[in-house]
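All values derive from a computational prediction rather than experimental measurement.
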Amino acid sequence: DEIPTRAELVQYERRFTELYEQVQWKFEETKQYFNRYNTLTETVSFLKKEMDLLDSIHEKFDQAMGSRNREDFPASLQATVESVLKSKEQVIRKLQAEQATHQTLSEMCNSLLAKQRAYYQGVKELQEEIDRNETLRQKIEKAKGGA
């Protein structure tokens with residue numbers, strides 16, 4: 001009696017499926033928290049850079065207005081603008097790389113989903129054949145017992 005019955009196996013499978021779904025849900029929830037944290041951290045970083053930039057512009061403006069070198073302020077401001085444009089280009093490149101990665105991962109996901117559907121379809125067909133085999137076996141047993 002060490003071999004589990006078919007009903008017990010089905011019950012085990014159902015419970016494993018439930019546990020897997022719970023773990024998967026918890027994983028997705030945790031992943032969302034990590035993504036949110038990373039996004040907020042990046043936002044804070046950009047806001048700090050923006051504050052530093054504004055403070056720098058303000059300092060340079062005060063220095064330019066307080067001294068005789070007022071003509072240097074536009075050149076200094078132009079250098080700051082160029083620096084901001086370079087940063088913007090880097091962010092755009094990073095965005096494009098992330099979009100390309102997202103596209104690749106989406107294609108992989110779709111491919112895996114197609115394989116999963118085919119797998120489940122195969123399992124369903126196998127289960128139907130097992131049930132049919134069991135029915136035929138029972139009929140053979142009845143025929144042997146009745147004869």
Side-chain angles (χ1 to χ4, degrees), residues 1-64 72-147:
D1 196 42
E2 294 177 11
I3 300 172
T5 64
R6 184 152 179 75
E8 289 174 329
L9 289 174
V10 169
Q11 184 180 3
Y12 291 149
E13 180 184 10
R14 191 175 303 127
R15 183 63 182 141
F16 279 126
T17 303
E18 289 172 4
L19 289 172
Y20 175 78
E21 288 173 358
Q22 286 177 352
V23 169
Q24 191 67 20
W25 179 82
K26 196 62 154 171
F27 173 74
E28 289 297 323
E29 182 182 32
T30 303
K31 193 166 76 170
Q32 286 177 350
Y33 286 132
F34 271 96
N35 286 338
R36 182 176 295 153
Y37 174 80
N38 290 339
T39 301
L40 291 175
T41 301
E42 198 168 326
T43 302
V44 166
S45 172
F46 281 122
L47 289 174
K48 284 181 181 179
K49 287 180 183 179
E50 186 176 343
M51 288 297 298
D52 290 343
L53 177 66
L54 292 173
D55 287 343
S56 172
I57 291 171
H58 187 262
E59 268 182 38
K60 289 176 183 178
F61 180 76
D62 286 344
Q63 288 174 356
D72 293 342
F73 179 69
S76 174
L77 194 58
Q78 182 62 32
T80 304
V81 168
E82 289 173 5
S83 172
V84 169
L85 291 176
K86 286 180 185 177
S87 294
K88 178 184 172 188
E89 289 174 10
Q90 289 175 346
V91 170
I92 288 173
R93 281 194 299 269
K94 183 178 176 183
L95 174 65
Q96 290 170 341
E98 288 292 328
Q99 287 173 337
T101 302
H102 179 268
Q103 180 67 26
T104 303
L105 291 175
S106 291
E107 291 170 1
M108 284 176 51
C109 182
N110 290 336
S111 171
L112 291 173
L113 285 173
K115 288 180 182 179
Q116 183 183 32
R117 282 187 214 105
Y119 169 78
Y120 282 125
Q121 182 63 32
V123 169
K124 180 181 174 188
E125 291 171 5
L126 176 65
Q127 187 63 44
E128 289 170 357
E129 289 299 319
I130 289 172
D131 292 342
R132 192 174 127 226
N133 185 25
E134 187 67 29
T135 303
L136 291 174
R137 184 175 294 195
Q138 288 174 358
K139 288 180 182 180
I140 289 173
E141 291 296 321
K142 280 185 181 180
K144 284 183 181 178

Check: Quick one: salt bridge (charged side-chain N to carboxylate O under 4.0 Å, His left out) partners of Glu89, sequence neighbours excluded?
Finding: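 Not a single residue meets the salt bridge (charged side-chain N to carboxylate O under 4.0 Å, His left out) criterion with Glu89.
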Notebook entry, point to check: By salt bridge (charged side-chain N to carboxylate O under 4.0 Å, His left out), which residues pair with Glu128, not counting sequence neighbours?
Noted result: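 Applying salt bridge (charged side-chain N to carboxylate O under 4.0 Å, His left out) to Glu128 gives none.
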Note to self: Set out, in order, the CA-CA distance, both residues' side-chain angles and the distance that settles side-chain hydrogen bond (donor to acceptor under 3.5 Å, both in side chains) for Gln103 and Gln99, then state yes or no.
What the structure shows: CA-CA 6 Å; Gln103 180 67 26; Gln99 287 173 337; over 6 Å; no
Check: Looking at Glu29, Gln22, Glu28, which one forms a side chain to side chain contact (heavy atoms under 4.5 Å, CB included) with Trp25?
Finding: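 Among Glu29, Gln22, Glu28, the one meeting side chain to side chain contact (heavy atoms under 4.5 Å, CB included) with Trp25 is Glu29.
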Could you tell me the separation between the [atom1] atom of [X] and the [atom2] atom of [Y], rounded to the nearest 0.5 Å?
{"X": "Phe34", "Y": "Asn38", "atom1": "CZ", "atom2": "CG", "value": "8.0 Å"}
{"X": "Asn133", "Y": "Ile140", "atom1": "CG", "atom2": "CD1", "value": "8.0 Å"}
{"X": "Lys48", "Y": "Thr43", "atom1": "NZ", "atom2": "OG1", "value": "12.0 Å"}
{"X": "His102", "Y": "Cys109", "atom1": "NE2", "atom2": "SG", "value": "9.5 Å"}
{"X": "Gln127", "Y": "Glu134", "atom1": "CD", "atom2": "CD", "value": "10.5 Å"}
{"X": "Ser83", "Y": "Gln78", "atom1": "OG", "atom2": "CD", "value": "11.5 Å"}

Checklist line | Ion pair Glu82/Lys88, N-O distance below 4.0 Å | finding: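 No, no charged N to carboxylate O under 4.0 Å.
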Note to self: Tell me which pairs pass salt bridge (charged side-chain N to carboxylate O under 4.0 Å, His left out) where either residue lies in residues 6-22, with sequence neighbours left out.
What the structure shows: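 Counting only pairs at least two positions apart or across chains, the salt bridge (charged side-chain N to carboxylate O under 4.0 Å, His left out) contacts touching residues 6-22 are Arg6-Asp131, Arg15-Glu18.
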Does [X] use its side chain to pair, donor to acceptor, with the backbone of [Y] at less than 3.5 Å?
{"X": "Thr104", "Y": "Ala100", "value": "yes"}
{"X": "Thr101", "Y": "Ala97", "value": "yes"}
{"X": "Ser111", "Y": "Glu107", "value": "no"}

Margin query: Working note: Glu141 + Gln138, criterion side chain to side chain contact (heavy atoms under 4.5 Å, CB included); need CA distance, chi angles, decisive distance, verdict.
Written below: CA-CA 5 Å; Glu141 291 296 321; Gln138 288 174 358; 5.6 Å; no
Next item on the list: Would you sort out whether Val91 and Phe46 count as a side chain to side chain contact (heavy atoms under 4.5 Å, CB included), showing the intermediate values?
Entry: CA-CA 11 Å; Val91 170; Phe46 281 122; 3.9 Å; yes
